[in-house]
Participant: 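The structure under discussion is supplied below as structure tokens; questions concerning it will follow.
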Amino acid sequence: MDRYVQYLADHVLTEDKVVTYRLLSRELRVHVNTAKQMLHDFHRSQNAKRPGTVHATYLVYGTKKASSDTVSASQNGDGDGDVDMTGSAPETDLAEVVPISTLTLVPEERLQDALETYEEVSSLHVYSIAPHPTKDMALLVDAASQVQPLEFGEDRKKIAPILNSKARRRERQGAGLKAATAAATLAKPQAKAASKPAQATPFAKVKEDPATSQVKQEPTEKPASSVPAQKAAPVPKRGASGGIMQAFSKAAAKPAKPKKEETSTPAAPSAEPNVPALSDEGEDDDDDEMPQPKPRSAPRHKTRQQINQELREMMEREDEKEEESKSDSPDEEPIEEPLEEEAPGPVPEPAKEEEEEKEVVTSSSNGRRRGRRRVMRKKQIMDDQGYLVTIQEAAWESFSEDEAPPPPKAKAPAPAATSSQAAKPAAKKGGPKGQGSIMSFFSKK
Amino acid sequence: MVTLDDVADKSLLQKPSPEAPESLERSESKYQPLATFALPKERNYHQQFADVYFIRLAKIKPIVEEIAHAAWEGTVVGGETATKVDRVLDVRQGQLCWVVGTVYMEMPLKPSVLEDISHDRWIAAPTTADKYYSPDGGDKIMLEDDSGRLTLVGSILKDYFLVTGCIIAVMGTENAHGEFEVLDLKFADLPPQPDRWRLSQAPKAKEEDVEMSDVSSGSRSKKIAIVSGLEFSGTDTSHAMELNLLLEFLLGEALGPAAQSELSQISRLIIAGNSIAKPSDTDAAGDKKPHSKKYGYDASSYNPLPAQLFDGFLAEILPTMPVTLLPGALDPANVSYPQQPIHPAMFPRARAYVSPPSTSSPSEPGWFDNVTNPWEGELEGWRVLGTGGQNLDDICRYIDNDDRLGMMEAMCRWRCSAPTAPDTLWSYPFQDDEPFTMKECPHLYFVGCQPEFGTKVIEGPQGQMVRLILVPSFAATKEVVLVDTETLDVSRVKITTS
């Protein structure tokens, strides 16, 4: 029974951490209500020994006194009083008084004040205890979000106060979900680590294996490790295409592990084998988007920009290479559509420009092309002597028509490529491997 | 006034008791969603928007005519008897008559598609104006039908809410300026209300008169929690603690045993829009990239964190409580009304509770039901209509005061849940049916993402009773609305940290 005293002494007094009742109940596998009592008991006994060693926050629930509650329960603004839809509506007179309960989280120093504003308190318990007085509730957020969600089964029965036996859940086959959940749970511990500036390191060390912490962003080590690796990689585009490709590759890599990540409770260790599989790119993003109370340090930012710069250069180089390789590969030749008369690759520029003047296709989707083209129009005007003169002049005309049918000889990758080619010749790169990157599908047409 | 001593005997400020407390079972939710606002998978945007008005007028006109007929038939004003005129254009000067049509508000500040076209703007920007209403009186109210338009004047118009798209009957005469001076006006009023338990099965072991027995038996009546504007954010953590407390509250993990048994009566959570916060400016402005638009879309500019947080929130709640999720203006769904459900792929963890796609059998609704906005359904036998708030916000722009409850009431009495669509509220160009027309009167009508809470009950001419609720935005007010499923009484819970 003294297990909790041991645990709380370790975590609160020694390791200087905030412990909420939810965290305690999950760590010790006890009912949340028991955990609340444990916190209270520990708080009282410690402070009896030495006052001021442990500080608590309390959660108060009940109805507040009417005076302190602003009169928002009444109808909001009958305004000018000229509003009466029915013409005879007595019900607008009696403003409905809606009972309002208030849930307040309050540090122990202000508990007494808070209680005084209440008319009736139906519940009061310790929310968390910490070695320091809680000044900023935002710190509690980190403690509160450390709590792992409960899984179905015994644990839930033991810990959760309210169950629902009717909950229906789909059991999914297929690796897609697994990978996705793994990625999601993976992202979480990192989020915590990043958003806790001061306490991050000790906690992470305890919770995570060396393997994980190594991957955690060390600003100094990052540029050294990630950049050269990416440079050396022959296909950086796959890395850049981000989560979706990884999800698949990861799932394929380890198919025979049904929901292991989901069931094991401290998610950090179990998710750890996945961590190295995350590319620098993905990890970078995660870290970048965390809500951080403080701005990131400047040098760190700089390295990231450098990385971006390098990546971009690499992309461009890749592009050129592809363009080159394409020009001498015969099967990439665009099929002769009416609008596609421009020469495949190496043909000189002028011809292309001339063609483009004839026709500007602004969009081509769903088998329809829209745009403007230049046509010769006959125009009759009356000249100053009163004669009708017919002249021909070039004019722009907008059009929308069905796309020309793909020629019979088109190779499999060709149609996808042509539609974007029509839009902007610069994006011409069908992908020498026969199958383009998935990102080209999302490109702006 | 409560002191610490008063509550010291509460069980949770004691030494831990050796025996584990009993777990409670959450009440079951009787739930039957309707697909009123679902769009076909194959959507066609070639058709004209005018059809929406035609259909609406065709549906509501007979009802308004009937009411107007009953009210004005044989009315004599100044020695002249009012006669009915079928079309707006047939109104003759000096003749006392009444006519039915659609209201059109001509407002200088209102965005106008004609103006956009004349300025060669082909992509309409979202409106920025807070109000279309201009206090200097530049606004004109018109009545139109398929024949033409008629400018309405008269002091009585000030007594009513009028917005583009609502259908009214007016009685009066056309004056020398060609304006129609309105002496009286009527609208459709509440539609017929279905009985309780029309669609779903009433719980057994109840006598014929369900309501009476329920009231007598029920100290433990069930509740529905409605919340909106959770606004999970990747950058703004100002209300993160409140969101945590909300989660613990709904899970029933917070609070003491007595309150927990109360919480176990909450049988369903409805999230009425704006679950994900607007991306902050700092997100985008942080790095203005030189355009190496390799793929057109820069994946690194997307912040997945809000969606992840929201998914985590849902995944924790779902094991103990079914959830109905309406999209809102800020959510990743289509912009135009009716908004279609948020795709389950947004919720890698919570989607295990979504009903499986494309099952041919009419399966039961998903435990996690992501639905349309507006949404209609039957909850505990009551017909419920809910929206994410855009319809009301848009009406509010037309009107110079903020009586949002009054506008909600007006919507019910116009029988139109989104009258300003498709004029200023972007909407799908319906061709065959116009779902915004209320065919049946809801028992409960809630509108999410509102600046503050409000509720009232309105009554119809045939004894219809509608409970109206303005659901406040949680991010702004930290409030949850609880609705009793037997009496439709409303209570609120406010979450604060100090």
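Here the structure is a predicted model, which means the values were calculated and not measured. Just so it is clear: chains get the letters A, B, ... in the order the sequence lines come, proteins before strands, and each one is counted from 1.
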Participant: For Leu243(B), is it the side chain, the backbone, both, or neither that has a heavy atom closer than 4.5 Å to a heavy atom of chain A?
Facilitator: neither
Participant: Examine whether an atom of Phe42(A) lies under 4.5 Å from a heavy atom of chain B, and if so say whether it belongs to the side chain, the backbone or both; otherwise answer neither.
Facilitator: neither
Participant: Could you work out, with ring pair (Phe, Tyr, Trp, His ring centres under 6.0 Å) as the rule, every residue matching Phe347(B), not counting sequence neighbours?
Facilitator: Phe310(B), Phe368(B)
Participant: Taking all heavy atoms of Gly252(B) and all of Pro161(A), pick out the closest pair and write down the distance.
Facilitator: O-CG, 2.8 Å
Participant: Counting heavy-atom pairs closer than 4.5 Å to chain B, which one of His125(A), Arg110(A), Arg22(A), His43(A) comes out on top?
Facilitator: Arg22(A)
Participant: The criterion is side chain to side chain contact (heavy atoms under 4.5 Å, CB included); which residues satisfy it with Thr496(B), sequence neighbours excluded?
Facilitator: Thr102(A), Thr104(A), Lys494(B)
Participant: Counting only non-hydrogen atoms closer than 4.5 Å, does Val141(A) touch chain B with its backbone (N, CA, C, O), its side chain (CB onward), both, or neither?
Facilitator: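 Answer is both: backbone and side chain atoms of Val141(A) are under 4.5 Å from chain B.
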Participant: Are any of the side-chain heavy atoms of Gln260(B) and Asn33(A) separated by less than 4.5 Å?
Facilitator: yes
Participant: At a 4.5 Å cut-off on heavy atoms, which part of Val480(B) comes close to chain A: side chain, backbone, both, or neither?
Facilitator: neither
Participant: Check whether any side-chain heavy atom of Leu245(B) lies under 4.5 Å from a side-chain heavy atom of Leu59(A), and answer yes or no.
Facilitator: yes
Participant: Side chains of Asn164(A) and Pro322(B): does their closest heavy-atom pair fall under 4.5 Å?
Facilitator: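 Yes, at least one pair of side-chain atoms sits under 4.5 Å.
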Participant: Working to the nearest 0.5 angstrom, can you tell me the gap between Ser101(A) OG and Glu262(B) CD?
Facilitator: 7.0 Å
Participant: Could you tell me the separation between the OG1 atom of Thr20(A) and the CD atom of Glu248(B), rounded to the nearest 0.5 Å?
Facilitator: 7.0 Å
Participant: Quick one: pull up CD1 in Ile162(A) and CD1 in Ile266(B) and give me the separation to the nearest 0.5 Å.
Facilitator: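 CD1 of Ile266(B) is found 7.5 Å from CD1 of Ile162(A).
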Participant: Taking side chain as C-beta onward, heavy atoms only, is Leu103(A) less than 4.5 Å from Leu255(B)?
Facilitator: yes
Participant: Decide yes or no for Ile100(A) and Phe453(B): does some side-chain heavy atom of the first lie under 4.5 Å from some side-chain heavy atom of the second?
Facilitator: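 SC-SC contact between Ile100(A) and Phe453(B) ruled out.
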Participant: Mark yes or no for whether Tyr127(A), through its side chain, and Ala254(B), through its backbone, hold a donor-acceptor pair below 3.5 Å.
Facilitator: no
Participant: Does any backbone or side-chain atom of Leu482(B) lie under 4.5 Å from a heavy atom of chain A? Answer side chain, backbone, both or neither.
Facilitator: neither
